[in-house]
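These notes are about the structure you will find just below.
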Amino acid sequence: MSDGNGSKRELRSQAWFSGLNMFTFSHRSWNGRGYPPDVFDGRPVIGICNSWSELTTCNAHLRIVAEHVKRGVWEAGGLPLEFPTMSLGESMMKPTTMLWRNLMSMDVEESLRANPLDGVVLLCGCDKTTPAQLMGAASVDLPTISDMRRRGELSDEEYLEVEAGYSRSDGHCNTMGTASTMTSMAEALGTTLTGAAAIPAADSRRRALAHITGRRIVQMVHEDLRLSQILTPEAFHNAIATLNALGGSTNAVIHLPAIAGRLGIDLPLERFDELSRQVPFLADLKPSGQYLMEAFHAAGGVPAVMAEIKDVLELAAMTATGVSMGENLAGVEGDGKVIRRRSNPLSPDGGIVILRGTLAPGTAVIKRSAASEELLRHRGRAYVFETRAELLAHIDDDDLPVDPSTVLVLKNGGPKGGPGMPEWGQLPIPARLLRQGVTDMLRISDARMSGTSYGTVVLHTTPEAAAGGPLAVVQTGDEIEIDIDERRLDLLVPAEELQRRLAAWTPPPPHYTRGYGRLFIDSVLGADAGCDFDFLRADGIEHADYGPLYARMGHS
Ligand code: FES
């Protein structure tokens with residue numbers, strides 16, 4: 001049977017719609033309301049997977065964008081069918097959206113697997129909606145293209161002025177925070193059209209790009225260009241290199257291994273460190289630099305950054321455009337100002353540093369570009385907060401026994417401990433020291449940090465305290481030493497004493513005993529494995545072969 005484009009390959013959707021029997025009749029008639037019968041003639045059925053929600057304000061315009069994608073799909077001879085997924089509003093959901101990233105990815109995965117789809121356009125654009133959609137789609141492995149929503153039209157002041165009418169603009173996260181980082185990662189991975197990540201959301205070219213994305217996904221179905229052909233080890237290499245050149249959020253150090261894990265690709269965190277030593281920091285964007293995302297777009301966006309570091313990229317990596325990353329980057333050049341030349345970087349290395357040591361036998365992460373020079377090598381005595389609540393209650397006590405050399409430690413901010421690994425990692429400087437003019441201290445936790453935060457802040461310490469890592473048994477007064485050049489983070493207590501404390505440690509009571517929270521606590525992996533659920537990682541690609549499809553044909 002033709003796939004509607006002259007090809008002999010049978011499309012997946014035809015199992016639902018093709019042929020004359022009671023089941024295909026039922027599917028066509030049930031889905032065909034409002035469509036002429038010939039839309040089921042074997043043309044590709046394209047899902048538009050939409051994280052639209054009025055509770056996720058930065059995704060609240062995506063239904064309009066979906067209409068532009070549909071135009072392109074229709075024009076290219078496909079049948080577009082939009083469907084909603086769970087949405088994760090970064091600023092709204094408590095305790096943290098990270099608690100539900102995996103749940104959203106399962107929603108995406110199962111929606112794609114269960115429905116008669118041949119390809120999918122992912123519509124998203126927030127800290128967790130982007131990785132969640134990529135993780136879910138990676139587990140199904142259909143032809144897939146991301147259409148990310150870049151922010152960047154309003155300053156904070158303007159935004160406050162129009163808060164009652166925020167829907168007049170399409171977003172507000174206009175720095176290289178986590179949302180911008182993750183949309184940039186989607187482009188560097190090759191899952192978007194070239195330049196897609198950087199067009200401001202309110203720019204009409206964004207809608208034109210959505211239209212072209214709709215056209216392109218139909219072609220991808222005809223080419224059978226699946227996500228597993230794009231999300232290869234080479235693609236992750238390119239994303240990590242680009243992350244360093246962008247000075248992107250440390251949250252990518254969690255999300256990229258999680259996406260890779262869905263494809264059975266091992267991504268040891270040392271890859272981030274190795275590439276950070278090879279790739280200079282080039283993008284002069286807030287929070288580390290001067291400019292906002294709109295200027296980044298005008299300067300050439302992600303392709304211009306990647307063009308500047310071509311020598312370390314895997315240029316043969318296939319992309320959603322249908323050609324290699326190297327071909328996408330041919331002739332691309334940045335402005336030399338917002339996106340610095342390789343010969344004139346903001347910093348000679350990329351900034352993501354992976355630490356190990358007796359305090360972090362798994363790993364820990366620090367963004368060197370956000371740290372203070374005088375703390376890159378430091379030894380100090382710990383002051384320990386067992387919980388975030390204890391920290392909030394006492395951090396500003398006038399008699400808090402700390403000085404500028406103290407190492408502030410927060411326990412129980414990890415995936416199980418938070419729960420959900422909230423962005424608590426940038427521990428506040430105690431008020432008493434702030435009054436003395438102290439602006440940075442060494443701070444250590446098993447939590448994450450917002451992409452817009454900075455300071456000498458060690459994050460993602462694994463194993464986390466609630467899982468019984470050495471962090472769990474640090475005591476106030478212990479000495480801690482960090483040496484960023486040596487990639488070391490050590491708790492300077494004798495090994496026998498550390499073993500004695502660990503043997504006596506008992507886990508805190510779990511946050512949940514039932515429901516999704518219980519599933520999360522029981523199944524979540526450490527930050528060094530991307531905080532995915534253990535049962536969602538793949539040993540290899542599980543193609544969307546959809547199980548006993550004909551069993552479902554018994555539906556009346
Ligand atoms: Fe969604 Fe920042 S809160 S993009």
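Residue numbers run from 1 in the order of the sequence given.
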Any heavy-atom pair between the side chains of L20 and R28 that's under 4.5 Å?
yes
Shortest non-hydrogen separation from A252 to L243 and the atoms involved
CB-CD1, 3.7 Å
Hey, does I145 have a side-chain heavy atom less than 4.5 Å from the side chain of M220?
yes
CG of L525 to CZ of F535: how many Å apart, nearest 0.5 Å?
10.0 Å
Just checking, any donor-acceptor pair under 3.5 angstrom between side chains of N328 and T319?
yes
Identify the heavy atoms of E90 and C126 that sit nearest to each other, and give their distance.
CB-SG, 3.6 Å
Can you see whether T178 engages S249 through a side-chain donor-acceptor pair at a distance of less than 3.5 angstrom?
yes
Side-chain touch D147/L209, heavy atoms, less than 4.5 angstrom:
yes
For V140 and E109 the tightest heavy-atom approach is CG2-O, 3.4 Å
In terms of ring plane angle, is the pair F40 and F17 parallel, tilted or perpendicular, where the classes change at 30° and 60°?
tilted
Hey, are R448 and T96 close enough side-chain-wise for a donor-acceptor pair under 3.5 Å?
yes
Hey, are D284 and Q290 close enough side-chain-wise for a donor-acceptor pair under 3.5 Å?
yes
Side chain to side chain contact (heavy atoms under 4.5 Å, CB included), paired with T129, selected from L88, L62, L134:
L88
With M185, the side chain to side chain contact (heavy atoms under 4.5 Å, CB included) member among T191, N238, V302, L246
L246
Could you verify whether a donor N or O on one side chain and an acceptor N or O on the other, from T97 and K128, lie under 3.5 Å apart?
yes
Taking the side chain as every heavy atom from C-beta outward, state whether E67 and E82 have any pair of such atoms under 4.5 Å apart.
yes
Would you say S87 and W100 make side-chain contact, with heavy atoms under 4.5 Å?
no
Exercise: do D224 and Q229 side chains pair donor with acceptor under 3.5 Å
no
Restricting to non-hydrogen atoms, name the atom on P303 and the atom on G195 that form the minimum distance, rounded to 0.1 Å.
CG-N, 3.7 Å
Enter the distance from T242:OG1 to L313:CG here, rounded to the nearest 0.5 Å.
5.5 Å
More than 12 heavy atoms from other groups under 6.0 Å of OH on Y454
no
Over all heavy atoms of both residues, which pair between L11 and V221 is shortest? Give the atoms and the distance, please.
CD2-CG1, 3.6 Å
I'd like to know if D335 pairs up with K337 as an ion pair, taking the criterion as any Lys NZ or Arg NE/NH1/NH2 lying under 4.0 Å from an Asp or Glu carboxylate oxygen.
no
Note, W16 side chain near T24 side chain (heavy atom, < 4.5 Å)
no
Atom OG in S180, atom CG in L292: separation rounded to 0.5 Å?
9.5 Å
Is there a donor-acceptor pair under 3.5 Å between the side chain of N50 and the backbone N or O of P84?
no
Any side-chain heavy-atom pair of I48 and K70 under 4.5 Å
yes
Between R63 and E54 (salt bridge meaning N to carboxylate O under 4.0 Å), is one present in this structure?
no
Decide yes or no on side chain to side chain donor-acceptor pair (under 3.5 Å) for D118 and Q14, but give the supporting numbers first.
CA-CA 9 Å; D118 301 306; Q14 290 174 336; over 6 Å; no
Decide whether S53 and N59 meet the rule of one side-chain donor and one side-chain acceptor closer than 3.5 Å.
no
Whether R226 side chain and A138 backbone form a donor-acceptor pair below 3.5 Å
no
For residues 301-313, pull every pair meeting salt bridge (Lys or Arg N to Asp or Glu O under 4.0 Å), keeping only residues two or more places apart or in separate chains.
E308-R341, D311-R342
Could you tell me whether the side chain of L536 reaches within less than 4.5 Å of the side chain of M106, counting heavy atoms only?
yes
Regarding E327 and S324, is there a side-chain donor-to-acceptor distance under 3.5 Å anywhere?
yes
Could you verify whether a donor N or O on one side chain and an acceptor N or O on the other, from H255 and R101, lie under 3.5 Å apart?
yes
Are the side chain of H237 and the backbone N or O of V312 linked by a donor-acceptor pair below 3.5 Å?
yes
Taking only residues two or more places apart in sequence or in another chain, which ones pass ring pair (Phe, Tyr, Trp, His ring centres under 6.0 Å) with F520?
F533
Any luck finding a side-chain donor-acceptor pair between R262 and S105 under 3.5 Å?
yes
What is the minimum heavy-atom distance between S51 and M86, and which atoms define it?
CB-O, 4.2 Å
Using distance alone, with no hydrogens and no angle criterion, decide if D349 and S276 have a side-chain donor and acceptor under 3.5 Å apart.
no
